[in-house]
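Working notes, structure below.
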Amino acid sequence: MVEIELDGQKVEVAEGCMVMHAAEKAGTYIPHFCYHKKLSIAANCRMCLVDVEKAPKPMPACATPVTQGMIVRTKSDKAIKAQQSVMEFLLINHPLDCPICDQGGECQLQDLAVGYGGSSSRYEEEKRVVLHKDVGPLISMEEMSRCIHCTRCVRFGQEVAGVMELGMIHRGEHSEITTVTGDTVDSELSGNMIDICPVGALTSKPFRYSARTWELSRRRSVSPHDSTGANLIVQVKNHKVMRVVPFENEAVNECWIADRDRFSYEALNGDDRLTRPMLKQGGVWKEVDWQTALEYVANGLKNIKNDHGAASIGALVSPHSTLEELYLASALVRGLGSDNIDYRLRNAEFAAPEGIRWLGTSIASLSTLQRVLVVGSNLRKDHPLFAQRIRQAARHGCQVSAIASVSHDWAMPVQTFVAQGAGQWVDMLGGIASAIAHEKGIAAPQGASAANEAAQAIARSLLGGERKAVLLGNAAAHHAQATQLLAWANWIAENTGATVGYLTEAANTVGAQFAGAHPVNDGLNAAQMLSGGLKAAVLLNTEPVHDSATGAQAATALAGAEMVVTLSPFKANMEFSDVLLPIAPFTETSGSFVNAEGRIQGFHAVVRPLGDTRPAWKVLRVLANLLGVPGFDFETSQDVLARATNAAAGAVTQVPAAQLSNAVKAPPAATAAAGDPVVASIYQLDGLVRRSTSLQLTADARMAREGVAA
């Protein structure tokens, strides 16, 4: 440790730290633009110049290492004058367009100009003009004349997103940030460049000119998409979601969010929203009141139960629904006497799990892995924020290995990437097990395949290092031999000292298991229900044609049922449904999501429900009351959570460790491998991203529509 004196205060920091880090520890603010705690040091802007004793000139705090006994003054005349000179320089060419700039009110340059800028300029020359650039549907680069060349966006692309999509060309007054080749910015994390831009050079194209920052209310929420559970700030004006930005949580999403977390809000205000209950009468959809719709559903379910038995009723639920909604849907179905409920719509195997499948480690630990094997995942697109963490680990020497159907570009060094058909994954893992056994001098497990060169390379990698993980992706979870894959992964992990876990697909895949939203006795699984096994189907927040492994065949199967009830925020499933009940999306209801590491994160509604929309947990509660199902006397979603977790409301913030398990008691018998697992592409994951106009204009969405692997 090194001790320095900062503005008369003794500060102790680790050797190798910069003066800026010491100032942060001491709680002293040093003005800056190019410095960002998550990015490398560039020392471009010079705004952080400070007075270091015995130094002949002011030194940049972000790039000056501390030394024992160093004396630093951040507010001396020398430091202040240096900072004021830098500010004058930065404002020479900056346009005077604060009144129309989207960054106005939250602009670092604007804020610091108040304290360090002059009241007039000594320069009379014309300001330079930088031509705008079209870099895609998400980021606006219309006003690049505002750019102060801090290069935060460039460094973000290189270091966090993994792709240098922006760069600086030319020198001096001709310098500019550009895509160089005129391409679009296509990273799945690109929206973070908007957040880290300290001026209004990079702004949100969907949000552009729609509101001023001081008009917006800021309310916390949680992402309803992948299993990271990214923490969000939802910004609202006149009961309408206007913008979504990250809420910093170092243990979950750090200070980043994926583009689908940021821009999917467009669907909330789209034309496809369902705002009133609807009944299909004579093939024609008609809007009705809630009482009529719910009584119609209750009477229909009662009649079908009387005519065909409770086992003819089932529910298909989305793992993007809240824990409370999934719990009540399960309780409702079981209260009617049926065990037909499932969230695993894309699965091909439905073995009864020994515990709740989860990540097997903390999300934060992904950043410090030294060895990792990822099976059946396009990691970068399926889990952008997990990929970002593993990318940081790779930058510090982590050896990454992967097995998938297609060799994807993960924007990180991958030591061994095995691209082979899904039917060969079991043999490949068996080969890795054989190679590990050979390296350790132990007997190979029964049924292990011969190790090829790639298997040997992966085995040698996993036997090195200390912090290791074997991660099963969405394709592995949906695989026809999912249990065999897990059994081999467990053997490999046990014999290499690694953890084993599922990346888990949706915002609440772990929560769906915790809530019991799957058959526990002899109920029908999702595949059986979607093959025509039901007389009455309740669809909670899901569109089986898009969300299931059966695809278009699901519509034919469900059309054969006597009653199909869809609870959705959107006009969905209209070709085969009989009733549409408008339920609130995550911004209009309270609830909880459980992320991949088992963390329970609650959130509240940020806007009032649109039209006659109602929270799904209330709809399920009233429906249960009409059907005479006992135990549905809930007043708030917190009451439901307390029942679901068997604890006082808000007392449980983590799924009990005893329930989390990726163990397999015995390797299952070999089964015939089916085709490639069904996995949603990045912007087809759920109903929100599918209806976000801007996300559907991206290169990733376009390639998915054209059937091109990203």
My understanding is that only residues two or more places apart in sequence, or in another chain, count here; which of them pass ring-ring contact (aromatic ring centres under 6.0 Å, His included) with Phe514? none
Ile257 to Val244 - nearest heavy-atom pair and separation: CD1-O, 4.2 Å
I want to check something: taking the side chain as every heavy atom from C-beta on, are Lys286 and Leu279 in contact at a cut-off of under 4.5 Å? no
Where is the tightest heavy-atom contact between Leu540 and Ala329, given as atom of each residue plus distance? CD2-CB, 4.0 Å
Hey, are Arg380 and Glu188 close enough for a salt bridge, meaning a charged N less than 4.0 Å from a carboxylate O? yes
Just wondering, do Ile390 and Met412 contact through their side chains at under 4.5 Å, heavy atoms? yes
Carboxylate-amine/guanidinium proximity below 4.0 Å for Arg691 and Glu543: yes
Any side-chain donor paired with an acceptor under 3.5 Å for Arg262 and Asn192? yes
Step through the shown structure and confirm whether more than 12 heavy atoms of other residues, nucleotides or ligands are within 6.0 Å of CZ on Arg608. no
Which residues pass the ring-ring contact (aromatic ring centres under 6.0 Å, His included) test with Trp425, sequence neighbours left out? His479
Check: Arg621 and Leu332 side chains under 4.5 Å, non-hydrogen atoms: no
Phe417 ring center within less than 6.0 Å of Trp410 ring center: yes
Closest approach of Pro569 and Ala584, non-hydrogen atoms and distance? CG-C, 4.4 Å
Is any side-chain N of the basic residue among Arg260 and Asp700 closer than 4.0 Å to the acidic one's carboxylate O? no
Is Val510 close to Ile356 at the side-chain level, that is, under 4.5 Å between some pair of heavy atoms? yes
Using only atom types and a distance under 3.5 Å, with no angle test, would you say the side chain of Ser338 pairs donor to acceptor with the backbone of Ile313? yes
Given 3.5 Å as the limit, does a donor-acceptor pair link the side chain of His320 with the main chain of Pro224, or not? yes
Could you go through the side-chain hydrogen bond (donor to acceptor under 3.5 Å, both in side chains) check for Ser592 and Glu324 one step at a time? CA-CA 7 Å; Ser592 308; Glu324 293 81 355; 2.9 Å; yes
Just do the side-chain hydrogen bond (donor to acceptor under 3.5 Å, both in side chains) check on Thr550 and Ser548 with the steps written out, would you? CA-CA 5 Å; Thr550 54; Ser548 75; 2.9 Å; yes
Between Asn249 and Glu254, does a side-chain hydrogen bond (donor to acceptor under 3.5 Å, both in side chains) hold up when you go through it step by step? CA-CA 5 Å; Asn249 186 333; Glu254 299 176 89; over 6 Å; no
For residues Ser318 and Leu326, report the shortest heavy-atom separation together with the two atoms involved. O-CD2, 3.5 Å
Can a salt bridge be assigned to the pair Asp547 and Arg346 using a cut-off of 4.0 Å between side-chain N and carboxylate O? yes
Partners of Glu215 by side-chain hydrogen bond (donor to acceptor under 3.5 Å, both in side chains), sequence neighbours excluded? Lys237
Is the shortest side-chain N to carboxylate O distance from Lys205 to Asp134 below 4.0 Å? yes
Does Gln420 have more than 12 heavy atoms from other residues, nucleotides or ligands lying within 6.0 Å of its CD? yes
Does CG in Asp271 sit with more than 12 non-hydrogen atoms of other residues, nucleotides or ligands closer than 6.0 Å? no
Heavy-atom distance under 4.5 Å between the side chains of Val564 and Asn573, does that happen here? no
Tell me, do Phe207 and Ser140 make a side-chain contact under 4.5 Å, heavy atoms counted? no
Going by distance alone, is a donor N or O of one side chain under 3.5 Å from an acceptor N or O of the other, for Glu266 and Thr693? no
Determine, step by step, whether Glu588 and Arg273 satisfy the salt bridge (Lys or Arg N to Asp or Glu O under 4.0 Å) criterion, reporting the C-alpha distance in whole Å, the side-chain angles of both residues, the deciding distance to 0.1 Å, and the verdict. CA-CA 13 Å; Glu588 299 170 18; Arg273 280 296 303 271; 2.9 Å; yes
When you measure from the side chain of Arg614 to the backbone of Val619, do you find a donor-acceptor pair of N or O atoms at a distance under 3.5 Å? no
Given 3.5 Å as the limit, does a donor-acceptor pair link the side chain of Thr566 with the main chain of Ser568, or not? no
Establish, for the pair Arg357 and Tyr502, whether the NZ or CZ atom is under 6.0 angstrom from the six-membered ring centre and no further than 45 degrees off its axis. no
What one should report as the nearest heavy-atom pair of Asn253 and Arg389 is N-NH2, 4.3 Å
Sub-4.5 Å side-chain heavy-atom contact between Leu503 and Asp226: no
Lys/Arg-Asp/Glu bridge criterion (N-O < 4.0 Å) met for Glu575, Lys280: no
From CA spacing to verdict: side-chain hydrogen bond (donor to acceptor under 3.5 Å, both in side chains), Arg218, Thr213: CA-CA 10 Å; Arg218 290 159 175 79; Thr213 181; 2.4 Å; yes
To check you understand the geometry: which heavy-atom pair defines the closest contact between Val185 and Ser190, and what is its length? CG1-CB, 3.7 Å
Listed by chain and number, what are the ring-ring contact (aromatic ring centres under 6.0 Å, His included) partners of Phe593, not counting sequence neighbours? Phe603
Not counting sequence neighbours, which residues clear salt bridge (Lys or Arg N to Asp or Glu O under 4.0 Å) with Glu142? List them please. none
Quick one: pull up CD in Glu287 and CZ in Arg276 and give me the separation to the nearest 0.5 Å. 5.0 Å
Results of ring-ring contact (aromatic ring centres under 6.0 Å, His included) for His383 - residues two or more places apart only: Phe386
I need the Leu534 CG to Leu524 CG distance, nearest 0.5 Å. 6.0 Å
State, without any angle test, whether Ser590 and Ser637 hold a side-chain donor-acceptor pair at a distance under 3.5 Å. yes
Flag side-chain contact, heavy atom, 4.5 Å: Asn595 against Thr228: no
